[in-house]
Amino acid sequence: MRIAELRTHVLEAPLEQPFSWSVDRTTVRASCIVEIVTDTGLVGWGECFGPARVNAAMVNAFRRHLIDADALATEVIWQNLYNRFRDQGQKGIAVTALSGVDIALWDIKGKAFGVPVHRLMGGPMRSRVQAYATGTYRLDEGDPLDYIVREIRERLAEGFEAVKLKIGVDFEEDIALIKAVRREIGPERQLMLDANHAYDALDAIALARRVADQNIDWFEEPVVPEDLASYREVKASQPIPVAGGECDYTRWGFINIFTSRAMDIVQPDTCAAGGLSECKKIADMATAFGIRYIPHVWGTGIGMAAALQLLGAIPHTPARLRPREPLLEFDRSEHPFRKAVLVEPIEQHGGFVDIPTGPGLGIEVDRDAIKRFTVEA
Ligand code: CA
């Protein structure tokens, strides 16, 4: 079975309500969707995390190495693409583009064998996964202490038992928000913090100490991803578990995190860190280093399906009769085509999401929606 066609779709849609987080503001949602077709007529879908047009250009740079390649040889193709661009492509766009291609090839492989990807990877380790709600972005107007607490209330009503709060905007306001959200959700539900690398180590440590009594599950991206020394300082100087890794890439990026014990929880994005092939390796490495793996998820239902397939195969760390299970990041912020690209969108029920059991990624992509949201690359 050979690869006959490679297509990239740059999807984009304006937001009704633009939103910000600690380091940026957005007025649109955009994504690069990868479509690979085999000479037998099988179609595989993937998604790249990051700037959509740049990802599409990079995926198209892979074209001559993909057409006519053995579609089932995911490892051969991964190595070939990575090695050809290694000198300038160890991180960033070269790897996010490779991720989208790799995910599409696993979708094809699952369809060729009639099983979901997590079965090909040796699962199921689990059939469903608990989701946590991501959101609480800042709006252009209003008091965040009002509208974020209101948003949290909506998530609880939807059934979520775990929520993540965006911080890193203003030190004192962040602390007030953390306490307000903890009051709203009660003492037991899971609460995580995400600073999107907006603090230095001093502020991150000071903030964490101030909210140490708020029962926080993890403090995500307290400092910039390049600075593992600051990560280690934050981890060593305050009691909240430290998470990160959505801006890190491949086994070689994560080995540095693992060996230097820079994080308690790693969060590779399946659509960025190297696709399903590479993230399974990173997840297995995390097991060996005794570090928790909770994938970062951001994008359309295609990317979420890839994360769910991986979650179906992530080993328990450690194994026990009632092991701690990984969580699914479930973005609840505005996204006009997150659900639209799937014929049957991925939904949460009572805060849990079933891992799709259909062939490949276990999803059916809605071609009309892909067309409707496609913009000129
Ligand atoms: Ca994050």
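The structure presented is a predicted model; accordingly, all values stated were derived computationally and were not measured. These numbers come from the heavy atoms of this one structure, side chains and all, not from hydrogens, waters or symmetry mates. Note that ligands are numbered from 1 as they come in the structure, with each ligand's atoms numbered from 1 the same way.
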>> Taking salt bridge (charged side-chain N to carboxylate O under 4.0 Å, His left out) as the definition, give me every residue that meets it alongside R210, ordered by chain and number, with sequence neighbours left out.
In response: E172
> Considering only N, O or S atoms, which atom of E220 is nearest to the Ca ion (ligand 1)?
Replying inline: OE2
>> Looking only at N, O or S atoms in E246, which is nearest to the Ca ion (ligand 1)?
In response: OE1
> Checking only N/O/S atoms, does D194 have one that is under 3.0 Å from the Ca ion (ligand 1)?
Replying inline: yes
> Which residue, Q214, R182, K164, forms the side-chain contact (heavy atoms from CB on, under 4.5 Å) with L191?
Replying inline: R182
> Side chains of T300 and R29: is there a donor and an acceptor less than 3.5 Å apart?
Replying inline: no
> Q17 and E334: side-chain donor and acceptor closer than 3.5 Å?
Replying inline: no
